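Below, read A as the first sequence line, B as the second, and so on, with proteins coming before strands; counting in each chain starts at 1. All values reported here derive from a predicted model rather than from experimental measurement.
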Number of protein chains: 2
Amino acid sequence: MEIRSFTIQTLERLPYYLHYMESRETEDVSSRDLANALGLNEVQVRKDLAAVSSKAGRPRRGFERKPLIRDIREALGFGRMDEAVIVGVGHLGTALINYKGFRELGLRIVAGFDLQVEDEIWVNETPVFSSDRLKNLIPRLNVKMAILTVNSENAQAVCDELVAAGIRAIWNFSQVMLNVPDNVIVRNENMAASLAVLSEYLSTGNNK
Amino acid sequence: MEIRSFTIQTLERLPYYLHYMESRETEDVSSRDLANALGLNEVQVRKDLAAVSSKAGRPRRGFERKPLIRDIREALGFGRMDEAVIVGVGHLGTALINYKGFRELGLRIVAGFDLQVEDEIWVNETPVFSSDRLKNLIPRLNVKMAILTVNSENAQAVCDELVAAGIRAIWNFSQVMLNVPDNVIVRNENMAASLAVLSEYLSTGNNK
DNA sequence: GAGATATCGATATCATAATATCGATTAAAA
DNA sequence: TTTTAATCGATATTATGATATCGATATCTC
């Protein structure tokens with residue numbers, strides 16, 4: 001089993017490196033350029049780059065921009081296309097179905113499920129089914145990723161169904177910390193915490 | 001200037017503690033209960049609770065549930081109501097305007113701005129204006145928080161306008177690491193990174 | 001009432017990530 | 001051609017967060 005050689009922290013910075021480098025037109029880019037542009041430490045930048053690319057930098061030049069872009073895209077999985085279902089097609093779920101940025105990132109949402117839906121409906125090109133049909137359809141679609149945008153009350157129960165249906169990766173937008181077996185990965189999108197950080201800053205002026 | 005005594009990591013766990021405790025009906029709740037339910041270390045739970053509440057726990061009982069709930073809600077800023085504008089009213093922006101969860105979290109979106117809009121339009125109860133009017137309206141509304149859901153190309157330019165208009169806290173959904181003065185705080189919502197974590201797990205089976 | 005034990009809070013240890021330091025190297029400048 | 005300086009990569013240090021340990025104590029059981 002292949003293992004990842006870089007940390008999640010590194011992974012989280014990669015999209016920013018990528019965007020900066022794609023916006024340049026020079027032959028090379030140095031770790032200092034990147035660090036200054038993104039407000040990071042330049043040693044950290046070099047370590048991140050070393051973790052995802054075998055290309056060495058050169059003194060007084062930096063790194064060749066184009067090969068590095070390729071390596072970062074590779075590390076971010078931009079080559080592969082994943083399929084996912086989305087459960088909970090309210091406002092947020094609908095927005096995510098419509099969000100065209102996912103395609104660029106290599107994600108295709110192939111179906112939605114919602115308790116409120118009786119017969120199949122369509123949100124643009126995406127079919128949305130009653131949640132009842134989740135346990136049958138997911139194995140047939142052979143999808144391994146699910147986006148969870150249901151409310152807190154239902155989150156764990158839906159999660160259990162998803163796992164039983166064969167889902168192995170869950171992108172969790174609910175306020176619940178999900179209980180899953182070891183072979184299932186959860187990524188939490190914690191809006192309440194994000195908002196709290198900002199709100200607290202405004203009310204106290206205290207950063208970090 | 002009041003300072004926050006707890007870390008962002010603690011803050012990110014608070015919504016989960018809160019949800020768990022609100023779903024219980026017992027008089028008390030122990031750090032072990034919480035830790036087991038949420039898959040955390042119980043020492044970590046105790047430290048988090050100590051950081052946001054002066055209430056002591058008792059041997060063999062744990063913590064009184066209701067006062068602790070109050071303290072966590074206080075720490076998360078649920079008492080206060082913040083106002084924000086949203087810039088970039090595409091699919092994601094529209095969803096966030098409609099997302100009723102924000103109200104519970106103490107956030108009211110008072111206006112939207114979008115380049116495509118010529119005259120004022122309405123998204124439910126929220127007025128959306130042309131981006132031209134941003135620099136005049138934001139000071140008049142006296143809003144200090146902005147949600148940024150524009151595309152990467154425009155993100156930094158819009159950010160600069162927001163800062164000039166008096167915005168001090170930015171919730172950034174774009175793929176760009178924004179450059180801001182020291183007295184402005186940015187919180188990045190990094191969808192590409194989240195997706196990459198999940199996608200990579202599915203393709204390699206490697207967790208953590 | 002005496003003993004057992006669950007739970008706390010404090011402190012110590014460990015793990016991980018961020019940052020600083022420094023010699024080596026190579027392109028540019030003199 | 002020689003000197004200068006920007007940049008790298010490796011290593012050391014520091015900072016931060018997570019986890020383990022342990023004595024104190026309040027409640028429960030007998």
Using only heavy-atom distances, determine whether the side chains of B/Asp28 and B/Thr26 contain a donor-acceptor pair under 3.5 Å. no
Between CG of B/Leu38 and C1' of D/dT19 the distance, given in whole Å, is 17 Å
Contacts satisfying salt bridge (charged side-chain N to carboxylate O under 4.0 Å, His left out) that involve residues 145-163 of chain B (not counting sequence neighbours) are none
Rounded to whole Å, CG of B/Leu11 lies from P of D/dG17 at a distance of 12 Å
B/Leu40 atom CG is separated from D/dA18 atom P, nearest whole Å, by 9 Å
Of C/dA20, C/dA18, D/dG17, the nucleotide closest to the side chain of A/Asn41 is C/dA20
**Prompt:** Just wondering, are more than 12 heavy atoms of other shown residues or ligands nearer than 6.0 Å to CD in A/Glu64?
**Reply:** no
Correct closest heavy-atom pair for A/Thr126 and A/Gly112 would be CG2-N, 4.2 Å
Closest non-hydrogen contact found for B/Leu107 with B/Ala84 is CD1-CB, 3.8 Å
Below 3.5 Å, can you tabulate the donor-acceptor pairs from side chains in residues 97-106 of chain B to any protein atom, sequence neighbours excluded?
residue, atom, partner, partner atom, Å
B/Asn98, OD1, B/Asn124, ND2, 2.4
B/Asn98, ND2, B/Thr94, O, 3.2

B/Gln44 atom CD is separated from C/dC14 atom C1', nearest whole Å, by 14 Å
Residues at least two apart in sequence or cross-chain that pass ring pair (Phe, Tyr, Trp, His ring centres under 6.0 Å) with B/Tyr17, listed by chain then number, are none
From CG of B/Asp28 across to C1' of C/dA6 the rounded distance in Å is 13 Å
When rounded to whole Å, the CD to P distance for the pair A/Glu27 and C/dA27 reads 13 Å
To the nearest angstrom, the CD1-P distance between B/Ile8 and C/dA17 comes to 17 Å
Its contact letters, B for base, S for sugar-phosphate only and - for none at protein heavy atoms under 4.0 Å, make nucleotides 6-15 of chain D read BBBB-BB---
For residues 66-85 of chain B, the side-chain hydrogen bond (donor to acceptor under 3.5 Å, both in side chains) pairs (sequence neighbours left out) are A/Ser199-B/Arg80, A/Ser199-B/Asp82, B/Glu22-B/Arg73, B/Ser53-B/Asp71, B/Glu83-B/Arg108
When A/Val176, A/Asn188, A/Leu178 are each screened for side-chain contact (heavy atoms from CB on, under 4.5 Å) with B/Tyr16, the one that passes is A/Asn188
The correct set of residues in residues 15-25 of chain A placing a heavy atom under 4.0 Å from DNA chain C is none
In whole angstroms, the gap separating P of C/dA17 from CD of A/Glu12 amounts to 11 Å
